Amino acid sequence: MGLLLTPYEAAVRKLYQVNMWNPVKLGLENVEKLVGLTPRALDMPIVHIAGTNGKGSVAWKISHGMRAAGYRTGLFVSPHVSSFRERMQVDGQLIPEAHVETLLPKLFSLCEEHGIPA
């Protein structure tokens, strides 16, 4: 008898396996293609944090500070510490499992339809 996964677990497992079959492609080309295919434009201020160490901590602190100042925030960090859901947050709330179950398959389909690898 095989391992029974919840829809959430199956979607996250599929995401983790993407780079097993597709080499990582550095750069922003694939991200820019995906953003162009999504229904909601990113017409909002964005803080992009780059560097070698401490990006997650800096992003969390900026997000926390902006919320304290009354702003609504979205936060994406990788890797996560204990739960995949930590990677995506809105106003400090982790993405719900139901949203992961719904959105990841749509993302996989977009990538397949438009030839966007990992």
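Please read these numbers as outputs of a predicted model, since none were measured by experiment.
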Under 6.0 Å from the [atom1] atom of [X], do we count more than 12 heavy atoms belonging to anything else shown?
{"X": "Glu113", "atom1": "CD", "value": "yes"}
{"X": "Lys55", "atom1": "NZ", "value": "yes"}
{"X": "Tyr71", "atom1": "OH", "value": "no"}

Rounded to the nearest 0.5 Å, how far does [atom2] of [Y] lie from [atom1] of [X]?
{"X": "Ile116", "Y": "Leu34", "atom1": "CD1", "atom2": "CG", "answer": "4.0 Å"}
{"X": "Tyr8", "Y": "Glu101", "atom1": "OH", "atom2": "CD", "answer": "9.0 Å"}
{"X": "Thr6", "Y": "Arg13", "atom1": "OG1", "atom2": "CZ", "answer": "10.0 Å"}
{"X": "Met66", "Y": "Leu75", "atom1": "CE", "atom2": "CG", "answer": "12.5 Å"}
{"X": "Thr38", "Y": "Leu110", "atom1": "OG1", "atom2": "CG", "answer": "8.0 Å"}
{"X": "Leu4", "Y": "Glu9", "atom1": "CG", "atom2": "CD", "answer": "10.0 Å"}

In one Ile/Leu/Val/Met/Phe/Trp/Tyr side-chain cluster, 4.5 Å: [X], [Y]:
{"X": "Val58", "Y": "Val47", "answer": "yes"}
{"X": "Ile95", "Y": "Leu107", "answer": "yes"}
{"X": "Leu104", "Y": "Val18", "answer": "yes"}
{"X": "Trp60", "Y": "Ile49", "answer": "no"}

Is [Y] close to [X] at the side-chain level, that is, under 4.5 Å between some pair of heavy atoms?
{"X": "Phe108", "Y": "Leu15", "value": "yes"}
{"X": "His114", "Y": "Leu37", "value": "yes"}
{"X": "Val100", "Y": "Val12", "value": "yes"}

Exercise. Kindly say whether His99 contributes a backbone atom to a donor-acceptor pair with the side chain of Thr102 at under 3.5 angstrom?
Key: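 Absent.
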Quiz item: Is there a donor-acceptor pair under 3.5 Å between the side chain of Ser109 and the backbone N or O of Pro105?
Solution: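 Yes.
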Self-check item: Any pair counted as salt bridge (Lys or Arg N to Asp or Glu O under 4.0 Å), so long as it reaches residues 66-92, sequence neighbours left out
Solution: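 For residues 66-92, and leaving out neighbouring residues, the salt bridge (Lys or Arg N to Asp or Glu O under 4.0 Å) pairs sorted by first residue read Arg72-Asp91.
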Self-check item: Atom of Val77, atom of Ala59 and distance for their closest heavy-atom approach
Solution: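 Val77 and Ala59 have their closest heavy atoms at CG1-CB, 4.1 Å.
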Exercise. Can you see which heavy atom on Tyr16 is nearest to which on His80, and at what distance?
Key: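 Minimum heavy-atom contact is OH-CE1, 2.9 Å.
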